[in-house]
Amino acid sequence: MVKIAPSILSADFANLERDIQKISTADYVHVDVMDGVFVPNISIGIPVVKCIRPTTTLPLDVHLMIVEPVRYVDQFCDAGADLVTVHVESDTEENIHKAIDKIHAKGKKAGIVVKPKTPAEAVLPFLEKVELILVMTVEPGFGGQSFMEDMMPKVTAIRKLIDEKNPTCELEVDGGVAPDTCKTCIVAGANVLVAGSSVYKAADIRARIAELRG
Ligand code: DX5
Ligand code: ZN
């Protein structure tokens, strides 16, 4: 079944608990962490993850858009993340391996993320040790951008690699996912869809979550 991970980047930060309750029929809470260096925006960090942890039973999918994430993965795990994803572009291959190992040592799931310009092959060094691969369908940094349809061949290529080498690994897409773009993601091979603005702008959030499942 297709899973939905609403991004709280589009929630009202003054009412985060209320806005997390609104997505209780989803499968993950997607938390976008930005440092103003890896991406040109600053969002939320460790104290916020800690505060939202008791407000939901859904797993927290923490997307780290920060340089050298190995420095902070332990703290995000301790704050309550269930899944922590790190960008392959954010450090050396060796340090990305170290970050994944640290997340696993905390008993949490680890994932890697690829930006739009990063090719599918960049996942190969990590493919067999991660629980999730995230393919960005916008340039990371902001919610509300247009979906990049041209990422679909990459999603399909990574789906093929996952099926061959690590079939339980999840394949997530993030950026511009809405009722008119969700089906193409699912057909391409994604099984987890992140959606920020299309969920939080909907008049009926539950209905929108159901609609995005395709
Ligand atoms: C972008 C973030 C996304 C973003 C998605 O850097 O990683 O998770 O919140 O927002 P929408 O769904 O509005 O494109
Ligand atoms: Zn994200």
Side-chain angles (χ1 to χ4, degrees), residues 2-13 16 19-20 22-23 26-46 48-49 52 58-67 69 72-73 76 81-90 103 109-118 130-152 154-155 170-186 190-203 205 208-214:
V2 174
K3 297 180 180 177
I4 305 299
S7 166
I8 57 168
L9 192 60
S10 295
D12 175 359
F13 284 174
L16 263 185
D19 278 7
I20 289 170
K22 287 182 182 171
I23 57 166
D27 301 279
Y28 292 102
V29 178
H30 185 83
V31 182
D32 287 306
V33 175
M34 305 179 185
D35 67 353
V37 180
F38 185 72
V39 289
N41 196 6
I42 298 175
S43 56
I44 55 181
I46 296 152
V48 176
V49 172
I52 65 177
L58 292 178
L60 301 182
D61 162 21
V62 176
H63 175 191
L64 297 184
M65 288 164 273
I66 66 176
V67 294
Y72 289 107
V73 289
F76 280 101
D82 297 282
L83 163 71
V84 179
T85 60
V86 297
H87 273 264
V88 299
E89 308 88 357
S90 64
I103 297 163
K109 291 182 178 172
I112 50 163
V113 194
V114 286
K115 295 208 284 185
K117 290 190 185 75
T118 303
V130 292
E131 286 73 42
L132 181 140
I133 296 175
L134 168 52
V135 175
M136 293 306 300
T137 42
V138 297
E139 285 295 341
F142 300 92
Q145 303 181 77
S146 299
F147 178 75
M148 297 169 76
E149 174 97 42
D150 54 338
M151 292 300 113
M152 294 303 100
K154 181 159 76 180
V155 172
E170 301 207 276
L171 180 53
E172 184 176 56
V173 289
D174 182 5
V177 177
D180 60 334
T181 56
C182 61
K183 284 196 183 65
T184 182
C185 298
I186 298 164
N191 76 300
V192 185
L193 310 183
V194 177
S197 47
S198 74
V199 165
Y200 277 107
K201 279 192 184 146
I205 287 179
R208 176 56 52 86
I209 290 169
E211 187 179 9
L212 291 173
R213 294 186 194 278

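Atoms considered below: every heavy atom in the structure, side chains included; atoms not considered: hydrogens, waters and symmetry mates. First listed ligand is number 1; within each ligand, the first listed atom is number 1.
Short contacts between ligand 1 and H63, defined as distances under 4.0 Å to a heavy atom of the residue, involve ligand atoms 7 (O). Ligand-side atoms of ligand 1 in range of M65: 6 (O), 7 (O), range being under 4.0 angstrom from any heavy atom. Using a 4.0 Å cut-off to heavy atoms of L9, the atoms of ligand 1 that qualify are 9 (O). Counting atoms of ligand 1 from 1 in the listed order, those under 4.0 Å from a heavy atom of S197 are 11 (P), 12 (O), 13 (O). Shown in contact with G141 at under 4.0 Å from a heavy atom are these atoms of ligand 1, numbered in order with element: 1 (C), 6 (O). Close approach of ligand 1 to V194 (heavy-atom distance below 4.0 Å) involves ligand atoms 8 (O). Residue contact check: P140 has heavy atoms under 4.0 Å from atoms 6 (O) of ligand 1. Of all the atoms in ligand 1, the ones that sit under 4.0 Å from a non-hydrogen atom of D32 are 2 (C), 3 (C), 4 (C), 7 (O), 8 (O), 9 (O).
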Pair K22-D12, salt bridge (Lys or Arg N to Asp or Glu O under 4.0 Å): steps then yes or no: CA-CA 11 Å; K22 287 182 182 171; D12 175 359; over 6 Å; no
Walk me through it: do K117 and E89 pass the test salt bridge (Lys or Arg N to Asp or Glu O under 4.0 Å)? CA-CA 10 Å; K117 290 190 185 75; E89 308 88 357; over 6 Å; no
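The protein heavy-atom contact nearest to atom 5 (C) of ligand 1 is D174 OD1, 3.5 Å. At the top of the distance list for atom 10 (O) of ligand 1, counting protein heavy atoms only, stands G143 CA, 3.5 Å. Counting only heavy atoms of the protein, atom 12 (O) of ligand 1 lies nearest to G196 N, 2.7 Å. Of all protein heavy atoms, the one lying nearest to atom 1 (C) of ligand 1 is F142 O, 3.6 Å. In this structure, atom 14 (O) of ligand 1 lies nearest to the protein heavy atom G176 N, 2.8 Å.
Side chain of T184 to main chain of T181: no donor-acceptor pair is present (N/O by atom type, distance under 3.5 Å, no hydrogens or angles). Between the D174 side chain and the M136 main chain, no donor and acceptor come within less than 3.5 Å of each other. Judged purely by atom type and a 3.5 angstrom limit, R213 uses its side chain to pair as donor or acceptor with the backbone of V2. Panel note: side chain D19, backbone I8; no donor-acceptor pair is recorded below 3.5 Å. Between the S10 side chain and the Y200 main chain, no donor and acceptor come within less than 3.5 Å of each other. Judged by distance alone, with hydrogens and angles left aside, the side-chain atoms of E131 form a donor-acceptor pair with the main-chain N or O of A110 at under 3.5 Å.
The Zn ion (ligand 2) is closest to atom OD1 of D32 (considering only N, O or S atoms).
For ligand 1, one of its N or O atoms has an N or O atom of G144 under 3.5 Å away. Between S7 and ligand 1, a contact under 3.5 Å exists for at least one N or O pair. For ligand 1, the polar-atom distance check against V138 finds no nitrogen or oxygen pair separated by under 3.5 Å.
Of the N and O atoms on the side chains of D61 and H63, not one donor lies less than 3.5 Å from an acceptor on the other residue.
Ligand 1 does not have S198 within reach: every non-hydrogen atom of the residue lies 4.0 Å or more from it.
Ion pairing of K3 with E170 is present here, as a side-chain N (NZ or NE/NH1/NH2) and a carboxylate O approach within less than 4.0 Å.
Taken to the nearest 0.5 Å, the OG1 atom of T137 stands 8.5 Å off from the CE atom of M151. Note that the CG atom of L83 and the CG atom of L60 stand 9.5 Å from one another [nearest 0.5 Å].
Angle ND1(H63) to the Zn ion (ligand 2) to OD2(D174): 90° [nearest 10 degrees].
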